[in-house]
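Shown next, in structure tokens, is the structure this report addresses.
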Amino acid sequence: MTVYLNGEYLPESEARVSVLDRGFLFGDGVYEVVPVYGGRCLRLEEHLDRLERSLAAVRIEPPLDRAGWRDMLTRLLEHNPGEDRSVYLQVTRGVARRDHAFPADTSPTVFAMVNALTPPDPAVRETGVAAVTMPDTRWSRCDIKAITLLANILARQQAVEAGATEAILMRGGRATEGAASNLFVVGDGVIVTPPKDQSLLPGITRDLVVELAADHGIPLMEAPVTEADLRAAEEIWLTSSTKEILPVTRLDGVPVGDGRPGPVWARMMKHYQTYKQQLREGRV
Ligand code: PDD
């Protein structure tokens with residue numbers, strides 16, 4: 001695997017970062033995960049918009065401009081050929097003697113790698129997955145795609161230990177999102193997803209699903225999802241760049257709807273797969 005590190009393309013085994021890097025010492029950095037289908041990045045400009053918003057929010061000067069990001073990603077993908085892939089891209093505040101306050105003249109550390117993107121398991125499409133609810137113990141700026149993910153990691157691990165695939169996080173009586181995914185529910189045939197605010201990550205997959213619903217005349221509302229809405233939902237889905245649209249068929253051990261992936265999910269999934277195919281063909 002060839003990775004990108006601070007302007008160089010080199011084998012992963014040769015890439016080295018200082019132990020004083022603030023990403024390592026403080027989790028002081030931001031990241032992106034961009035899916036790539038047939039050599040084309042899905043919603044690249046939207047991913048770069050979000051990266052720039054995250055950098056601005058944590059006050060790291062953008063180390064590359066738009067053209068620089070695009071060029072780097074193109075070259076990195078050329079170094080790592082394959083069909084469906086995802087790019088992981090991370091920017092930290094850089095290397096400095098340890099002190100919480102920002103260091104004076106430090107340039108950011110920029111790292112990127114390419115991973116295989118495994119398509120959703122066909123069995124999952126038949127059966128869906130289990131999720132468990134738990135309190136959202138994260139900070140109050142979940143809109144920033146920060147590498148500081150301890151609360152998300154603990155939530156996901158707790159879900160795995162409960163035999164589930166994902167944790168659905170609850171804050172103030174409302175469901176915010178998954179540990180690493182956005183949340184959709186279907187009630188009375190209407191899709192509902194929580195509105196974008198500082199309590200959740202503005203997912204690129206989420207926005208695409210909202211757009212596909214509008215394009216195809218499928219009713220969708222951006223509105224809070226209460227615990228009662230979640231428990232009464234006919235369908236629950238989780239979305240992310242790596243999970244696409246994942247149907248949740250058991251919540252806290254109780255079947256969701258009839259316990260099988262629902263018809264609204266099947267319809268949306270079809271539109272999502274069509275979008276991916278259009279991307280592969282260079283039509284979107
Ligand atoms: N995570 N919410 C959280 C907390 C996430 O970590 C993610 C994605 C999402 C979905 O965002 P998007 O549709 O843009 O992937 C929502 C990535 C995939 C990760 O951490 O690996």
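No experiment lies behind these values; they were computed from the predicted model shown. We count ligands from 1, going down the list as the structure has it; atoms in each ligand are counted the same way. Along the sequence shown, residues are numbered consecutively beginning with 1. In what follows, every heavy atom counts, from backbone to side chain, and hydrogens, waters and symmetry copies are set aside.
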- Query: By number and element, which atoms of ligand 1 are closer than 4.0 Å to a non-hydrogen atom of Ser181?
  - Reply: 2 (N), 3 (C), 5 (C), 7 (C), 9 (C), 16 (C)
- Consider every N or O of Ser241 and every N or O of ligand 1, then say whether any pair is closer than 3.5 Å. yes
- Can you find a pair of side-chain heavy atoms, one from Lys276 and one from Tyr272, that are under 4.5 Å apart? yes
- Message: Would Arg93 pass as a cation-pi partner of Phe102, given that its NZ or CZ must be under 6.0 Å from the six-membered ring centre and within 45 degrees of the axis?
- Response: yes
- If you measure from each heavy atom of Arg50 to ligand 1, is any distance below 4.0 Å? yes
- Message: Taking a cutoff of less than 4.0 Å between a non-hydrogen atom of the residue and any ligand atom, is Pro35 in contact with ligand 1?
- Response: no
- Message: Could you measure the distance from the CZ atom of Arg98 to the NE2 atom of His100? Nearest 0.5 Å is fine.
- Response: 5.0 Å
- Message: Considering His47, Glu46, Lys145 one by one, which has a heavy atom nearer to atom 1 (N) of ligand 1 than any of the others?
- Response: Lys145
- Message: Is Tyr88 close enough to touch ligand 1? Criterion: a residue heavy atom under 4.0 Å from a ligand atom.
- Response: no
- Message: If you define the side chain from C-beta out and look only at heavy atoms, does anything of Leu76 sit under 4.5 Å from Val114?
- Response: yes
- Query: Would a 4.5 Å heavy-atom cut-off, applied to side chains only, mark Leu212 and Met268 as touching?
  - Reply: yes
- N/O separation below 3.5 Å, Thr205 to ligand 1: yes
- Classify the contact between Cys142 and ligand 1 as side chain, backbone, both or neither, using a heavy-atom distance cut-off of under 4.0 Å. neither
